[in-house]
Asker: 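One structure is given below, represented as structure tokens, and several questions about it will come after.
Below, read A as the first sequence line, B as the second, and so on, with proteins coming before strands; counting in each chain starts at 1.
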Number of protein chains: 2
Amino acid sequence: MNAPKPQRASRRKAGSHTIHDVAALAGVSSITVSRYFNSPDKVSAAVRERLREIIERIGYVPSQVAGGLASGRGRVVCAVMQNIASATFADLVKGMTDELQASGLQLLLANAQYSRDLEENAIRTFVGWHPRALILTRDDHTPAAEAMLRALDIPVVEAWGFVEDRPFHQVGFPHAQTGAELARHFLEQGARRVRFLLPRVGEDFRAGQRAHGYAIAMTAAGLVPDVQTADVDDDFEAGARTIAALAASPREARPQAVIFANDNMAAGAILHAPDCGMRLPDDCALAGFGDAPISVHLKPALTTLRPARYEIGQMAARTVLRMLAAQASPESAPCRELLPCELVVRDSSRVSPA
Amino acid sequence: MNAPKPQRASRRKAGSHTIHDVAALAGVSSITVSRYFNSPDKVSAAVRERLREIIERIGYVPSQVAGGLASGRGRVVCAVMQNIASATFADLVKGMTDELQASGLQLLLANAQYSRDLEENAIRTFVGWHPRALILTRDDHTPAAEAMLRALDIPVVEAWGFVEDRPFHQVGFPHAQTGAELARHFLEQGARRVRFLLPRVGEDFRAGQRAHGYAIAMTAAGLVPDVQTADVDDDFEAGARTIAALAASPREARPQAVIFANDNMAAGAILHAPDCGMRLPDDCALAGFGDAPISVHLKPALTTLRPARYEIGQMAARTVLRMLAAQASPESAPCRELLPCELVVRDSSRVSPA
DNA sequence: TTGTACGCGTTATCAA
DNA sequence: TTGATAACGCGTACAA
């Protein structure tokens, strides 16, 4: 007497197998197949072998989507980069993926292009993916983003920079201090006139932080900071113009040393120096930032700072894994991983006696 | 007289809202909230406004995981890169994300490090995510990978290279032809002795393809190909050693032109040339590949090939979007998008009269 | 070691 | 325009 229930059309996609298909073929229940993947030791060796063969034969792959929904813990970690295509962030990404891959976690990437608003958008999108953790690459979020992060209840890592008094894990190095370190490198050699050159495109706010550190160090030494900004977008060209301008001014008036905000600007200066009759480092000492592959091959070889890019990405991922393994409550104190940003002294930064 | 059903503990996570929470607050059913996001025009303006306010207030974000499972169409596109941290692949990734982001599609990345086996692993992992499309960066997959791809029933794009007779969409350029183009550039200037220098680390098989194209062009001109391999890993160092070796051999014996497999090797040669007393391009003409930012600033400026990296990534994503929009059956002929790889002639490649 | 029942948060289908 | 119901594919809780 059963009223025939209206038969719903199955929404299943053809071609794709499910855990039930495997179970049916093996003559076991689907939960056994689930255990085969998630805790194989709870399945008898005989069944295990039978399942292995069937899974291999039909090419079954468990659905991450269904699994993530059912368990409430998807295998996803999200990261917001500031400029995916730059060497810095590409190296960070490689460090993260190398580390996460082994744990079966997928990295979801977004690109914020140094914009706080784009970062907020990315975070909002990521919330919908219910990630296990979030990796960011700045610490000055929009209020809305900051509110979302605090409400999230998952590990949040701020990588690349390294600041005090944040509620989130820090993995990186303090940028301002590295700027100061370069300044002192020149001051200790007796230089008094040291300039800092920022790129015209100001989106990389870390460069500004390094300039700030430089300014502090200069002031502390009783000197006047001399921060200038390039007048062209292309970093190499900016460096070339800088050295040309120096060549045109009398020796007593020009800086004894120039700190470029990045290696490309410094490389532009070094490559163009012969054309202006500037002999480096005798006529002017130089330093850069980033330890670009070419910096050691320039003549003179470029003094620069070497941030542990790959290692920061790796450590950010490792911190995520540690927090997930520890089931750490978000209340516990955030991790603080200080990674090296080494001063690499080469020929370009030798200050000539006045 | 209802037998009290054993009350199951809810597995819901605290803090996170669901579509039902929103529905309850608004006094509508959950499907209406679903419609608010997926087809707002089917919801009355009054309800729409009420929902907007509530969603904003509690910070609700729809679950991509649940939505993907229910609809069978997750908002995911997967891409397998060969070396995430290299400028080439970083630019490709940026092109893809820029294009996909606007469509609300998430890019899942994997790194195969030029290994076919790692690529197969990545594809297998990606299958579990039920992506809407797959973007690969080579065309010579393992048999198992090839089988998976053919069974997948989603758009598959092979980007960066560009070959014939593949069942998948092609977006890129033919690498062998660009090698031949460089060879002809020198042959047309009257050079007879032209060398091709490969990096020692042979993982970038595209360089090998360019060398092959070079060899064909040389043979076609009745000349003997001269493909050599660097004896150090560092590309700059390899270039420097090459120029030093040339300087040590008599002019009649050494090549009139050298094609370096990438710009870094060529840059190493140019930077080291003055130290060996080599005057470029008079003593030897040079060319590279990749149009690195520095190539135009070297002295002499480097002749090189400029692949449309970003545009290839962009076009790969665009092809994916087109196929998804068209609901194209996998049977229809694959797209073929040939993107430019322009020869950029600068001073370094001027061949001196014999 | 294996199985049953149900829930995860959303969307497709059908009905009103 | 709105809603009730079932289904997506899997994991958890509990029972056997």
Asker: Between D/dG3, C/dG9, C/dT10, which one does the side chain of B/Val28 approach most closely?
Answerer: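 When the side chain of B/Val28 is considered, D/dG3 is the closest of D/dG3, C/dG9, C/dT10.
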Asker: Tell me: CZ of A/Arg50 to P of C/dT1, nearest whole Å?
Answerer: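 So the CZ-P distance, A/Arg50 to C/dT1, works out to 15 Å.
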Asker: Rounded to whole Å, how long is the line connecting atom CD1 of A/Ile55 with atom P of D/dC10?
Answerer: 11 Å
Asker: Within less than 4.0 Å of OP1 or OP2 of C/dT11, is there a side-chain N or O belonging to B/Arg75?
Answerer: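 So the side chain of B/Arg75 is outside the cut-off, no N or O lying under 4.0 Å from OP1 or OP2 of C/dT11.
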Asker: Evaluate the side-chain proximity of A/Leu108 to A/Val77: yes if any heavy-atom separation is below 4.5 Å, no if none is.
Answerer: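 Heavy-atom side-chain distance check fails, nothing below 4.5 Å.
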Asker: Given C/dG3, is OP1 or OP2 found less than 4.0 Å from the side-chain N or O atoms of A/Ser29?
Answerer: yes
Asker: Listed in order of residue number, which residues of residues 31-45 of chain A have a non-hydrogen atom at under 4.0 Å from DNA chain C?
Answerer: A/Ile31, A/Thr32, A/Arg35, A/Asp41, A/Lys42, A/Val43, A/Ser44
Asker: Let me know the distance between CD1 of A/Ile19 and P of D/dC10, rounded to the nearest Å.
Answerer: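 Going from CD1 in A/Ile19 over to P in D/dC10 covers 5 Å.
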Asker: Ion pair present between B/Glu337 and B/Arg322, side-chain N to carboxylate O less than 4.0 angstrom?
Answerer: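 A salt bridge links B/Glu337 with B/Arg322.
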Asker: Using heavy atoms to find the nearest nucleotide of DNA chain D for A/His20 and B/Val47 separately, return the residue whose nucleotide is more 5′.
Answerer: B/Val47
Asker: If you take the centroid of each ring, where Trp contributes its six-membered ring, are A/Tyr60 and A/Tyr36 closer together than 6.0 Å?
Answerer: no
Asker: Whole angstroms only, please: what is the CZ-P distance between B/Arg73 and D/dA7?
Answerer: 19 Å
Asker: Ignoring backbone atoms, establish whether B/Ser71 has a side-chain N or O less than 4.0 Å from OP1 or OP2 of C/dT11.
Answerer: no
Asker: Is the side chain of A/Arg50 donor-acceptor paired with the backbone N or O of A/Ala26 at a distance under 3.5 Å, no angle test?
Answerer: yes
Asker: Cut-off 3.5 Å, no hydrogens considered: what does the side-chain donor-acceptor table look like for residues 121-133 of chain B, sequence neighbours left out?
Answerer:
| residue | atom | partner | partner atom | Å |
| --- | --- | --- | --- | --- |
| B/Arg124 | NH2 | B/Glu120 | OE2 | 2.4 |
| B/Thr125 | OG1 | B/Asn121 | O | 3.1 |
| B/Arg132 | NH1 | B/Gly74 | O | 3.4 |

Asker: What is the distance, rounded to the nearest whole Å, between atom CG of B/Leu69 and atom P of C/dG9?
Answerer: 12 Å
Asker: Strictly below 4.0 Å, N to O, side chains only: are A/Arg52 and A/Glu49 in salt-bridge contact?
Answerer: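 A/Glu49 and A/Arg52: salt-bridged.
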Asker: In whole angstroms, how far is the P atom of C/dC8 from the NE2 atom of B/His17?
Answerer: 16 Å
